[in-house]
Amino acid sequence: MRVSNLFGKTLRDVPSDADTISHQLLLKAGMIHQIAAGVYAYLPLAWRVHKKIENIIRQEMDAIGGQELLMPTLQPHELWERSGRDLALGQVLLTLADRKERKMVPAPTHEEVVTELARYNIQSYRDMPLLLYQIQTKFRDEPRSRGGLVRVREFAMKDLYTFDTDSDALDVNYKKALQAYKNIYSRCGLDYLVVEADSGAIGGKDSHEFMVVAESGEDEIIFCSKCDYAANEERAVSVRAIPKMEQPLPIEEVFTPGAKTIEDVAAFLGISKNKTLKAVFYIADGDFVFVTIRGDLEVNEIKLKNVLKCADLRMATDDEVKAMGIEAGSASLVGLKGIKSIADDSINMGSNFVVGANKPDYHLSNANYPRDFDVDVITDIALARPGQRCVKCGGKLKSVKGIEVGHVFKLGTVYSEKAGAYYLDKAGEQKPVVMGCYGIGVGRLLASAIEQNHDEKGIVWPVPIAPYHVYLCALSMDRSAEVVSAAESLHRDLADAGVEVLFDDRNESPGVKFNDADLLGMPIRLLVSPKSLSNGGVEVKRRAEKESELVFIDNAVEKIKGLLDNL
RNA sequence: CGGGGUGUGGCGCAGUUGGCUAGCGCGCAUGCUUUGGGAGCAUGAGGUCGGCGGUUCAAGUCCGCCCACCCCGACCA
């Protein structure tokens, strides 16, 4: 490919609405073009990268026995009603109507359809294990797209689905898929973490995310500094320090004028926050919920949502709290009846707590569970924070930001039961198919690769996903017939040797060409100029390094092949 | 959806106490010179100033409504 013919122009100034590095570089390099919020065109260079990533994914999927197929983007809305995910996904689900006013959805994912296929094609335990995958366009009406290709509304996703007879067999496939994913990210030149994750709207049991550590990441990863524990903040658990337990004292009313927050109360009474219990109020699918947690901790709303098994969870408004007859700022479960209540385990981690007295300007001291109040459910609903201790080894927890580049789930029989996907086992007994699903966003992976592989000059593509291997840069072609013939023959010879070359044949100044070479980021720059020729050859430079090396023209192809093998 | 911000040639910006043919840099076209880290000179093309409505003798500039995009939060590959 010749740069003079290449579609897509490099820019000197970065469009002002980009502020994630991968977004800036992709725009500056002329690799993508935005059409609407979260909707992008991939220009030829970026599309080559996309295809390379796809192919790496295909190889790894095929290696674990995956069969590629293609499911439709356009799906009947009823399918989503049957699974209940029309509600679980809410507004993210784009919907449209066909000419007969039938509701359709451009699919955001394919569990529904693939389960439908399984229902039709799996009848016997002999039909499994089965691994089906596709690379296909998803549509999600995201509340907010961001970061260029990091979060978009239309994107190619590789989705793999596994079908097994039981959960042990699912575990086998799950492990295989996990390994395939690790291979994919490594081959794409990414540093990643595998973390425990919440399964969100997809449902199911175990779930892991693959996270690329990046400042621009949207997720917070909690990990242990001593052992291998790592989890998405949404899911992370931690050991909360337990203060010294005291003998229960008689409950007592204390005057706390104007103290409404935990900070106020603790400061006013001169106690630490872990000697208090905090009351927080939520509306879960329309129902009021009274949540209690130790004063020094925060509620993890994802955990809470999972406990409540609700589709929609939000903080209650002041009016809603009042309407329940609750005194915000001085509320507790002591003496309160008939309100749905959930508490964090931490109400048992400590004693003689200060809690609200359910009247303005008063609190109660020495409240103890279960002596003084009742709770419907007690479980872990606390947000794990860095600084707390690891539940596995007691080590100190830390946190980093990450981009989620893959997510795998053990679905179990949630979808198969709803869709009626059953098989007959050896004993002739009818059982639901056990499923797993596994997703990778291709464009997000591409963006993540840039987030991790760039410098101040531009992109530094890892060889396996670089749009081209070599940037052949010829200087002074309009004045030197020698340069022209040397460059042209190198172009041919490299292509013949299977090396992918982007040939900068433009009449631009050296500075322009060098800067574009750095910006576009091919792993090797091959320079042909009157000067290099008079020095006896051509100059080979790795993108990641500063220095170039003079090589005889006849040795150049060999030299480059050697470098590519070792990069 | 809540909060903040921006919309002026392809990109980056100026112009906004209303006033003449709307500017600058980059890019683009043509010519000459130049040629190892974003060259110089000359000539030129390209803009219904996001849209609609209003105020006014006069609107890029003032008022109203709408739209789009970006960022921060609530959500996900």
Side-chain angles (χ1 to χ4, degrees), chain A residues 9-20 23 27-28 30 33-39 57 88-92 108-110 135-160 181 197-202 207 209-212 216-219 232 234 301-302 305 311-315 403-409 437-448 457-458 473-480 483 507-519 525 527-532 534-535 539 541 546 548:
Chain A
K9 285 204 170 103
T10 57
L11 302 174
R12 299 211 176 181
D13 299 308
V14 188
S16 57
D17 52 5
D19 81 4
T20 305
H23 190 199
L27 287 171
K28 195 169 182 222
H33 186 90
Q34 181 170 19
I35 297 299
V39 179
I57 292 173
L89 288 161
Q91 301 261 74
V92 170
T109 172
H110 280 68
I135 296 174
Q136 193 256 14
T137 306
K138 310 292 185 212
F139 292 86
R140 296 186 182 179
D141 195 357
E142 293 288 347
R144 180 154 92 88
S145 43
R146 56 167 295 253
L149 297 183
V150 171
R151 176 169 217 78
V152 293
R153 297 192 297 169
E154 174 185 335
F155 64 100
M157 176 165 118
K158 186 287 301 172
D159 39 332
L160 165 72
Y181 269 43
D198 180 74
S199 50
I202 289 194
S207 172
E209 286 168 336
F210 291 81
M211 292 283 190
V212 164
S216 59
E218 303 177 273
D219 289 276
N232 191 310
E234 297 173 356
E301 294 185 1
I302 304 284
K305 199 171 164 183
D312 182 59
L313 180 75
R314 60 174 175 83
M315 294 279 259
I403 302 173
E404 178 189 351
V405 289
H407 200 161
V408 301
F409 307 80
C437 75
Y438 315 80
I440 295 180
V442 182
R444 183 183 282 183
L445 178 42
L446 186 159
S448 305
K457 287 284 195 179
C473 188
L475 301 184
S476 307
M477 285 180 78
D478 57 332
R479 290 179 300 126
S480 166
V483 168
N507 263 328
E508 288 288 351
S509 73
V512 170
K513 293 185 156 200
F514 292 149
N515 278 298
D516 279 347
D518 289 340
L519 174 61
R525 187 184 78 190
L527 180 65
V528 188
S529 72
K531 187 167 142 191
S532 79
S534 73
N535 286 338
E539 291 167 34
K541 180 185 160 303
K546 269 210 154 73
S548 65

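Since this is a predicted model, take the numbers as computed values, not measurements. Just so we're on the same page: letters track the sequence lines, and every chain starts at 1.
- Residue A:Lys546 is out of contact with every strand shown, counting any heavy-atom pair closer than 4.0 Å.
- Base engagement by A:Asp13 is indicated by at least one non-hydrogen atom pair under 4.0 Å involving a base atom.
- With B:rG37, B:rA77, B:rG36 as the choices, the nucleotide that has an atom nearest any side-chain atom of A:Lys541 turns out to be B:rG37.
- Residue-level contact check: A:Ser145 touches the backbone only, with heavy atoms under 4.0 Å from sugar-phosphate atoms and none from bases.
- At a threshold of 4.0 angstrom between heavy atoms, the contacts of A:Val408 with the nucleic acid are absent.
- In this structure, A:Phe155 reaches the bases: a heavy-atom distance under 4.0 Å links it to at least one base atom across the strands shown.
- Out of B:rC75, B:rG36, B:rC69, the shortest distance to the side chain of A:Ser532 is found at B:rG36.
- Residue contacts for A:Pro15: at a heavy-atom cut-off of 4.0 Å it reaches the sugar-phosphate backbone alone, with no base atom in range.
- Within 4.0 Å (heavy atoms only), A:Leu527 reaches at least one base atom of the nucleic acid.
- No engagement by A:Lys305 is indicated, since no non-hydrogen atom pair under 4.0 Å with the nucleic acid exists.
- Nucleic acid contact for A:Val14: sugar-phosphate only, since backbone atoms but no base atoms lie under 4.0 Å from a heavy atom of the residue.
- Using a 4.0 Å heavy-atom cutoff across all strands shown, A:Arg151 reaches at least one base atom of the nucleic acid.
- Using a 4.0 Å heavy-atom distance criterion, A:Gln34 is classed as a sugar-phosphate-only contact.
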